[in-house]
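Predicted model only: the values in this text are computed from it and were never measured. By convention in this document, chain letters (A, B, ...) are assigned in the order of the sequence lines, proteins followed by strands, and residues within each chain are numbered from 1.
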Number of protein chains: 2
Amino acid sequence: MAERAGCCLPKLAPRLDAAEARRISNDLAILAHPIRLQILDLLAQYQGQVCVCDLEAALPVKQPTVSHHLKILREAGLITAERQGLWIYYSICCDAVQTMRERVMAQFAFLG
Amino acid sequence: MAERAGCCLPKLAPRLDAAEARRISNDLAILAHPIRLQILDLLAQYQGQVCVCDLEAALPVKQPTVSHHLKILREAGLITAERQGLWIYYSICCDAVQTMRERVMAQFAFLG
DNA sequence: CATATATATTGAAGGTTGTCAATATACAGC
DNA sequence: GCTGTATATTGACAACCTTCAATATATATG
């Protein structure tokens, strides 16, 4: 470990400013829920063919909870909805996922 | 969008099982806080030379809050502490960060 | 031992999040 | 219009998270 005279370091400015830290932590918080990860995974797998009742059947939560998580993902721009008659089919927005992935990756690169 | 007769899809199994989803969402939740991201960033930048009072001076939270976030990061294995006299110097565990990065990356790959 | 400093822990208060029953809304078919 | 089905929204409750003042612990020095 590095030698040092005493505490503290003269200055110590984060490369990551508060605004960018908030932005990335928001990104991460959206993904940081098992149901939302599983929803994204299912949408990626069955792109454009998944309605809410499919998700409810596949996941261990009730319909209002599924809708709640879909709303969070929708508001984050990660998924879109398309109504067809009674059903609403959801899809992943691959480019939005990609953008978020790049932000997260860039952050990891700084830490490594 | 894909054509379908009606609701719902015959079966719809997540590639991501509940246990793996929980694991990755736990990983993400640890990072999903602006102060923790800034702490990691500072530790990466001044590896092994950063004590708690340095962090307190650089961040907009009080000392107990810094210690609280350090504890979360320590318990996740992402950082280690080494006491030298009165001060405790923190370092990033690069390989633990790397491991987490790989899990997160692998998940993103599935979504893209 | 007494004092001073650095860090950790405790406990309390406030805020946010996750879940679901109940209800509302939107659409299709009669 | 009425009925039935799919989804969204509301509201309530519980669990969890974040923060900090106060306090405890550890260490160094006189």
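- In this structure, the nucleotide among D:dA6, C:dG18, C:dT7 sitting nearest to the side chain of A:W87 is D:dA6.
- Residue A:I72 places its side chain closer to C:dG18 than to any other of C:dG18, D:dT7, D:dC20.
- Counting any heavy atom pair closer than 4.0 Å across all strands shown, B:V66 reaches no nucleic acid atom.
- Between A:K71 and A:S67 there is no side-chain heavy-atom pair separated by less than 4.5 Å.
- Protein atom NZ of A:K62 is 17 Å distant from nucleotide atom P of D:dA8, rounded to whole Å.
- Atom CD in B:Q38 sits 10.0 Å away from atom CD1 in A:I24 (nearest 0.5 Å).
- Note: CD (B:E56) to P (D:dA21) measures 10 Å, nearest angstrom.
- Within the model, atoms OH of A:Y46 and CG of A:D41 stand 9.0 Å from one another, a figure rounded to the nearest 0.5 Å.
- The side chain of B:H69 places no N or O atom within less than 4.0 Å of a non-bridging phosphate oxygen (OP1 or OP2) of D:dC17.
- Following rounding to the nearest Å, A:L70 (CG) and C:dT19 (P) show an atom-to-atom distance of 13 Å.
- Taking every side-chain heavy atom of B:S67 into account, C:dT9 is the closest of D:dT18, D:dA8, C:dT9.
- Put simply, the side chain of A:Y90 does not reach to within 4.5 Å of the side chain of A:L73, judged on heavy atoms.
- The base of D:dA6 lies outside donor-acceptor range of the side chain of A:Q63, with no N or O pair under 3.5 Å.
- Scanning residues 17-43 of chain A for heavy-atom distances under 4.0 Å to DNA chain D yields an empty list.
- We find that CD of A:E82 is positioned 18 Å from C1' of D:dA8, with the value rounded to whole Å.
- Separating the CZ atom in B:R15 from the CD atom in B:Q107 is a distance of 8.0 Å, to the nearest 0.5 Å.
- If you take NE2 of A:H68 and P of C:dA21, they are 15 Å apart, rounded to a whole angstrom.
- When the P atom of D:dT18 is taken as reference, atom NZ of B:K71 falls 14 Å away, rounded to whole Å.
- Remark: A:Y90 is not in phosphate contact with D:dA6, judged by side-chain N or O atoms under 4.0 Å from OP1 or OP2.
- Contact annotation: the side chain of A:D27 never approaches that of A:L31 to less than 4.5 Å [non-hydrogen atoms, C-beta and beyond].
- Taking the side chain of A:V52 as heavy atoms from C-beta on, and the options C:dA8, D:dT19, D:dT7, the nearest nucleotide is D:dT7.
- Taking atom CD1 on A:I79 and atom C1' on D:dT7, their separation rounds to 13 Å, with Å as the unit.
- For A:A106, there are no side chain to side chain contact (heavy atoms under 4.5 Å, CB included) partners at least two apart in sequence or on another chain.
- B:F110 places none of its side-chain heavy atoms less than 4.5 Å from the side chain of B:L16.
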Problem set entry | Full working for side-chain contact (heavy atoms from CB on, under 4.5 Å) between A:V97 and A:C94 | CA-CA 5 Å; A:V97 172; A:C94 288; 5.6 Å; no

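- Residue A:E75 contributes atom CD, which lies 12 Å from atom C1' of D:dT9 at whole-angstrom precision.
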Could you write out each protein N or O paired with an N or O of nucleotides 25-30 of chain D at a distance under 3.5 Å?
none

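- Residues A:L78 and A:I92 have side chains not in contact (no heavy-atom distance under 4.5 Å, counting atoms from C-beta outward).
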